[in-house]
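Scroll down for the structure; my scribbles are underneath it.
Chain letters run A, B, ... following the sequence lines, proteins first, then strands; residues in each count from 1.
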There are 2 protein chains.
Amino acid sequence: MSYKIKSRIWIEANNNVLLGEGRVQLLKAIQNTGSLSKAAKSLNLSYKKAWQLLDSINKSAKKPVTINSIGGKGGGGAQITEYGILLIGVFDEINKNCWSFLDEQLEKIKDL
Amino acid sequence: MSYKIKSRIWIEANNNVLLGEGRVQLLKAIQNTGSLSKAAKSLNLSYKKAWQLLDSINKSAKKPVTINSIGGKGGGGAQITEYGILLIGVFDEINKNCWSFLDEQLEKIKDL
DNA sequence: TAACGTTATGTATTTACAAATATAACGTAT
DNA sequence: ATACGTTATATTTGTAAATACATAACGTTA
């Protein structure tokens, strides 16, 4: 059994976490379902936890990442903004590149 | 205020954590002091926590990372093995390279 | 106007983790 | 033999985080 390298990256703004893997997963679920409550259910996450995450994201980001509405057709919902889509894409790209980078570094340690 | 990328890397063996930043710091403190208890004090870490970390390291590694002795001159002590020194060096190198890598990736997001 | 499914928020409970405390075992040195 | 400083381990206590539960506010729809 050889050693493995694991990693976590995240983006911060003003010493607050903006995006990590879990937050990106939540935003993608909102994108797929159109609502925060449905997104939370699909991730086996309590609504409150999901709301706190989304609130933290929108407070940390320079521009809104979602537009949330209360009441109306379907009770309301949450929509990812264009800016949000951009952030998700950049995070995924950087994260993927990081994996590739560490995969190269693995050569230095796997046979120790 | 522009966004920042933060990261954590660690080495695993058999799905157990072998080395992360905290563990490497502990090993270096043992190297400097010659004992686990002194290392713990120097890091403001409880002895128990330090012992648990060191125990986990030695149980995860393929070869011993420290040699611990009870009793005798000075009451005993802990010594880093050559293998341990090797692991510390490789971890530090990979970690440093990862910072550099993410510093380049930062260009993609800092102006968003 | 009553019902519905959301967002938004408060409060209590449970769980997990960290910290503190205590003590045994050990092998030199006095 | 006694003292000392260390490794090793168990037990208790305290604190922070996650979870569960409850409820208000809202704007369409029927």
Side-chain angles (χ1 to χ4, degrees), chain A residues 8 10 12 15-18 20-61 63-81 83-84, chain B residues 6 8 10 12 15-17 20-61 63-81 83-84:
Chain A
R8 278 273 152 128
W10 64 96
E12 288 190 3
N15 294 326
N16 297 317
V17 176
L18 168 62
E21 280 186 21
R23 288 165 186 238
V24 165
Q25 209 177 6
L26 177 62
L27 291 180
K28 286 177 178 173
I30 292 173
Q31 220 173 0
N32 291 334
T33 61
S35 94
L36 178 56
S37 67
K38 285 177 186 163
K41 265 180 196 151
S42 79
L43 296 176
N44 269 33
L45 209 59
S46 74
Y47 173 82
K48 179 167 191 180
K49 179 74 178 174
W51 182 86
Q52 285 173 332
L53 283 171
L54 183 57
D55 185 56
S56 167
I57 291 170
N58 279 319
K59 279 180 176 158
S60 303
K63 294 195 283 183
V65 172
T66 65
I67 302 291
N68 311 323
S69 63
I70 308 179
K73 188 192 301 187
Q79 266 194 331
I80 308 290
T81 62
Y83 184 65
Chain B
K6 302 254 177 165
R8 278 274 152 125
W10 64 96
E12 288 191 2
N15 295 327
N16 296 317
V17 176
E21 279 186 21
R23 289 165 187 238
V24 164
Q25 208 177 9
L26 176 62
L27 291 180
K28 286 177 178 174
I30 292 174
Q31 219 174 0
N32 290 334
T33 60
S35 95
L36 178 55
S37 67
K38 284 177 187 166
K41 265 181 197 152
S42 79
L43 297 176
N44 270 32
L45 208 59
S46 72
Y47 174 82
K48 179 172 188 179
K49 180 74 178 174
W51 182 86
Q52 285 173 330
L53 283 171
L54 184 57
D55 186 55
S56 167
I57 292 170
N58 279 318
K59 278 178 176 159
S60 302
K63 294 194 284 183
V65 172
T66 65
I67 302 292
N68 311 324
S69 63
I70 308 179
K73 188 191 302 190
Q79 268 195 331
I80 308 291
T81 63
Y83 185 65

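Under the 4.5 Å side-chain criterion, counting only non-hydrogen atoms from C-beta, Ser56(A) is in contact with Arg23(A). Proximity of Leu54(B) to Leu27(B): side-chain heavy atoms (C-beta onward) are separated by under 4.5 Å at one or more points. Side chains of Thr66(A) and Ile57(A) form no contact here, defined as non-hydrogen atoms less than 4.5 Å apart. Using a 4.5 Å cut-off on side-chain heavy atoms (C-beta onward), Lys28(A) and Val24(A) make contact. In this structure, Glu12(B) and Trp10(B) have side chains that are in contact, with non-hydrogen atoms separated by less than 4.5 Å. Proximity of Gln25(A) to Leu43(A): side-chain heavy atoms (C-beta onward) are separated by under 4.5 Å at one or more points.
Interface remark: the Lys48(A) side chain does form a donor-acceptor pair with the dT11(C) base, using a distance-only criterion of under 3.5 Å.
Between the CD atom of Gln79(A) and the P atom of dT6(C) there is a distance of 15 Å, rounded to whole Å. Taking atom NZ on Lys49(B) and atom P on dA8(D), their separation rounds to 17 Å, with Å as the unit. In this entry the distance linking CG of Leu53(A) with P of dA17(D) reads 14 Å, nearest Å.
Contacts of Ser46(B) with the nucleic acid, taken as non-hydrogen atoms under 4.0 Å apart, are absent.
Residue Lys38(B) has its side chain nearest to dT6(D) when only dT28(C), dT6(D), dA18(C) are considered. The listed nucleotides are dT9(C), dT6(D), dT11(C); the one nearest the side chain of Tyr47(A) is dT9(C).
Proximity of residues 25-35 of chain B to DNA chain D (heavy atom under 4.0 angstrom from any strand atom) is restricted to Ser35(B). Within residues 63-72 of chain B, the residues that have a heavy atom under 4.0 Å from DNA chain C are, in order of number, Ile70(B), Gly71(B), Gly72(B).
The number of heavy-atom neighbours closer than 6.0 Å to CD of Glu21(A), taken from other residues, nucleotides and ligands shown, is above 12. Within 6.0 Å of atom CD in Gln52(B), more than 12 heavy atoms from other residues, nucleotides or ligands are found, so the atom counts as buried in its surroundings.
Ranked by how close their nearest DNA chain D nucleotide is to the 5' end, Lys41(B) and Trp51(B) are led by Lys41(B). If you find the closest nucleotide of DNA chain D to Gly76(B) and to Gln52(A), the one lying nearer the 5' end belongs to Gly76(B).
Looking only at distances, a side-chain donor or acceptor of Asn58(B) sits under 3.5 Å from a matching main-chain atom of Val65(B).
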